[in-house]
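Proteins get letters first, then strands, A, B, ... in listed order; numbering begins at 1 in each. Model, not experiment: these values are computed from the prediction.
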There are 2 protein chains.
Amino acid sequence: MKNILILGAGRSATSLISYLLSAAVKYDYSVTVADTSPELIKQKTGSHARAVAVALDIANEALTRSEISKADIVVSMLPAFLHPRIAEQCVALKKSLVTASYVSPEMKGLDAAARNAGIILMNESGLDPGIDHASAMAVIDRIKNSGGNILSFKSYTGGLVAPESNDNPWGYKFTWNPRNVVLAGQGTARYIENGKYVYIPYHKLFTRTEKVHVEGTGDFEGYANRDSLGYRAIYGLENIPTLIRGTLRQPGYCEAWNALVQLGLTDDTYTVTDSGKMTYRQFTDSYLPPGKESVEARFAAYVNIPLKGTIMNMIRWLGIFEEAAVILNHATPAQILQALLEERWKLKDNDRDMIVMQHKFEYSTAANPAKTQQLVTSLVVKGDDSVHTAMAKTVGLPVGIVTKLILNGVIKLKGVCIPTVKEIYTPLLKELDDAGIRFIEKTR
Amino acid sequence: MKNILILGAGRSATSLISYLLSAAVKYDYSVTVADTSPELIKQKTGSHARAVAVALDIANEALTRSEISKADIVVSMLPAFLHPRIAEQCVALKKSLVTASYVSPEMKGLDAAARNAGIILMNESGLDPGIDHASAMAVIDRIKNSGGNILSFKSYTGGLVAPESNDNPWGYKFTWNPRNVVLAGQGTARYIENGKYVYIPYHKLFTRTEKVHVEGTGDFEGYANRDSLGYRAIYGLENIPTLIRGTLRQPGYCEAWNALVQLGLTDDTYTVTDSGKMTYRQFTDSYLPPGKESVEARFAAYVNIPLKGTIMNMIRWLGIFEEAAVILNHATPAQILQALLEERWKLKDNDRDMIVMQHKFEYSTAANPAKTQQLVTSLVVKGDDSVHTAMAKTVGLPVGIVTKLILNGVIKLKGVCIPTVKEIYTPLLKELDDAGIRFIEKTR
């Protein structure tokens, strides 16, 4: 009986664990779930016959090593920074590893050692990165293999709230790490468009949005992710004139978020003096030029939005003008804002979230090189409730599927991999499709 | 005969070396100047009888130690990051040290060891930090000693070009490290005003200027320095309702500089792909939204300035719209901008620079606590030419003076010091005044 070791039973592991427990019955696996909290493991595994719970703090190297040595494959849903160390242990013990994290330089450095050990270090196996790679490469390879030439590739993904659960003016609730949402886009966005490099500093990012229409779902705003340029090599599109990757939000979100960025409320580099002694109104006032007008009026003037209007209503709804006490002391502005947003943007028990992904390609064919054709492939996945979210499904399922594919010998690759290769993406997309995670393709 | 060891014979050491050579004759010192370039030493010392030249690379620890051991006091004009290591050697060899650098945490950590060794580690002895501390504390102590209560302290300093040498639309030329000028203000400015903390993110900093009038010299713009809050403790003004420290520029400079900041051209965190294959016009275009209008028109619209007007003329004059090739390859935007500015903002041989410093105090007296009084003390120093700059004088002279005061036993303090104490600032300001570096005080 093959044994799968899952490290981490947090929110993102829900769908993964239930998928692998089902597979365990079919393929005769045992699934060991390790977490610091036995409570959390119990919540995820129930009393499933195939599940084994292990209380494990990853800092305990001896116990971690012992559990890895007993496994046939390791799946880690732990924070990304822990993965190079876990991967080293997997290489030493000759056990394959699956994660949903980006390949770090340290991880990349283990490629030769992993090949020598005869194992795969499979990364970027979730939604984004993960399903995005697989679904994009399936199209890219198809166009290339039929002699086509790809001129433009724009790819946007958003973790949103489903329209039926959208009851706040931002059209947004947290379905993933709130800190990452608050800090999103910091740095400089880089992409290439019509052969020209484009650079957008953070303080301009949310003003440089693109309208993205997803058929059957509606209109969204896309803002550019930090570095699209590196994806030219990853996708084998070194000479493509246009390549943009970005994030989707509901219309209006970016303009309102930009106002918070302009004020400086997303800064995470210093702590606000005596923040615990302030009200949110005083906190906000600290970022505004002084004056006789109200905090609201000075805010609207400073960030250049109408005092009466949709955007101002969205800002007001957050509570940054309220006289309520700031909860956190010695906190950064980003932490103070995050604490407020976690109250406002909380998924209710029966709320459904929604994942939207869209790849838009422009290409010419060998038969008709002068004509530009368009291919749009889109994915919309809704969650069931606040636990079985679309986010948990679309991250957990592909991780579970590739784990099974490796264990069953369908994926035979060794070394550091991501799902951009046919041997991985073909069976992965097939099984995702069977599970209802299905791309709709339109050509024009 | 006492021996002074000066480490570094660069631009900032010109006035320092000539001051200490004069003092050497009067007080029977020998002055050893150590630098990697004997050429540079020769330029600064000529064939002065009291000068000894030593070719020294500070990386050569043995030779550095040997030179320090032969000295009675060490003066370092080397980059600030080298000072903790030099200070450690000075402590070990029981030699006092003078620098113009900020006290770093590592330097601060040597305080007890320096006291035990019976030496002073004298830092922040230049212009800013340096003369600013001395001149501010002289006023602060005077007001406090007469029972007064300080309500507001605003302090601005600028290294500018003298009006008679001002022949460019920015009213600015480099008189100091160009890189520091390009990166100035990055981070978040923090100060306190009327009892309220104020935070200004970098992308708003150059829009939040204050008009500063300096009698007899004219009007300037001041923008806030990064952290004024820490100066409450340094100046013993823990409960002051208003404390702002800032930098002076000619009117118009900040609005035009802000346009470059908005575009993202002062970013030093990433390199521009293939920058060496671009023209400046293409480089600038990379930061703009695409469109059919000219680069200039899109720039003006993007940063929200009139296409025809003073600010646009200042920007245009820099050359960022020109078809000339970018000099640097694999360079950050800040490096590309700096290279351009170094051509445009170069001091000509006979150009005179100008240092302007102004402290403005509001306070009440014990005799009349209800009345707010004002005291403004200002310093204006002009350079002689592009070598004997006001910047070199106002940095080098105070370093030389405190070195002499320590050597002659006037300053007897031990440990890590800055010139905020009476024992230092009184004789320092006296001798600066004698040398024509003179504050003019006005009360109202």
Side-chain angles (χ1 to χ4, degrees), chain A residues 186-205 207-210 224 226-230 232 242 258 260-275 277-278 281-291 295 302-304 332-334 336, chain B residues 186-205 207-210 224 226-230 232 242 258 260-275 277-278 281-291 295 302-304 332-334 336:
Chain A
Q186 298 197 0
T188 296
R190 281 162 260 183
Y191 58 81
I192 188 163
E193 190 166 29
N194 298 321
K196 278 165 53 180
Y197 292 108
V198 179
Y199 300 93
I200 310 178
Y202 179 59
H203 64 262
K204 284 286 193 185
L205 181 62
T207 71
R208 301 272 299 263
T209 56
E210 180 162 12
R226 180 121 62 142
D227 189 5
S228 296
L229 298 179
R232 292 177 298 174
T242 299
N258 179 55
L260 303 177
V261 170
Q262 291 309 310
L263 211 60
L265 299 193
T266 60
D267 197 321
D268 199 44
T269 62
Y270 66 93
T271 56
V272 175
T273 306
D274 291 338
S275 61
K277 294 180 188 163
M278 288 175 145
R281 191 173 182 84
Q282 288 169 334
F283 166 65
T284 301
D285 197 8
S286 280
Y287 291 83
L288 294 172
V295 175
Y302 190 52
V303 303
N304 201 21
T332 68
I336 293 169
Chain B
Q186 298 198 359
T188 295
R190 282 163 258 183
Y191 57 82
I192 188 163
E193 189 165 29
N194 298 320
K196 279 164 55 179
Y197 292 108
V198 179
Y199 300 94
I200 310 177
Y202 178 59
H203 63 263
K204 284 286 193 186
L205 182 62
T207 71
R208 300 273 298 265
T209 55
E210 179 163 13
R226 179 122 62 145
D227 189 4
S228 297
L229 299 178
R232 293 177 297 175
T242 299
N258 179 55
L260 303 177
V261 171
Q262 291 310 309
L263 211 62
L265 299 194
T266 60
D267 197 322
D268 198 44
T269 62
Y270 66 92
T271 55
V272 174
T273 305
D274 292 338
S275 60
K277 295 180 189 164
M278 290 175 144
R281 191 174 183 84
Q282 287 169 335
F283 166 65
T284 301
D285 196 9
S286 279
Y287 290 83
L288 293 172
V295 175
Y302 190 52
V303 303
N304 201 21
T332 68
I336 294 169

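Heavy atoms only, all atoms of each residue included: A:D285 and B:K196 are closest at OD2-NZ, 2.8 Å.
Interface summary for chain B: among A:G264, A:P201, A:P289, the most heavy-atom pairs under 4.5 angstrom belong to A:P289. Of the listed residues (A:P333, A:P290, A:S286), the greatest number of heavy-atom pairs within a distance under 4.5 Å of chain B belongs to A:S286. When the candidates A:V198, A:T273, A:L288 are compared by the number of heavy-atom contacts under 4.5 Å with chain B, A:T273 comes out ahead.
The structure places OH of B:Y302 at 4.0 Å from CZ of A:R208, a figure rounded to the nearest 0.5 Å. Atom OH of residue A:Y287 and atom NZ of residue B:K204 lie 14.0 Å apart, to the nearest 0.5 angstrom. To the nearest 0.5 Å, atom CZ of residue A:R190 and atom OG1 of residue B:T271 are 7.5 Å apart. In this structure, OG1 in B:T269 is found 14.0 Å from OH in A:Y202, a value given to the nearest 0.5 Å. We find the CD-OG1 distance between A:Q262 and B:T207 to be 9.5 Å, quoted to the nearest 0.5 Å. Taking CG of A:L263 as the reference point, atom CD1 of B:I200 lies at 11.0 Å (rounded to 0.5 Å).
Only the side chain of A:D274 comes within contact range of chain B, with heavy atoms under 4.5 Å apart.
Side-chain contact between B:V272 and A:Y199 is present, with at least one heavy-atom pair separated by less than 4.5 Å. Side-chain contact between B:D227 and A:Y270: absent, with no pair of heavy atoms (C-beta onward) separated by less than 4.5 Å.
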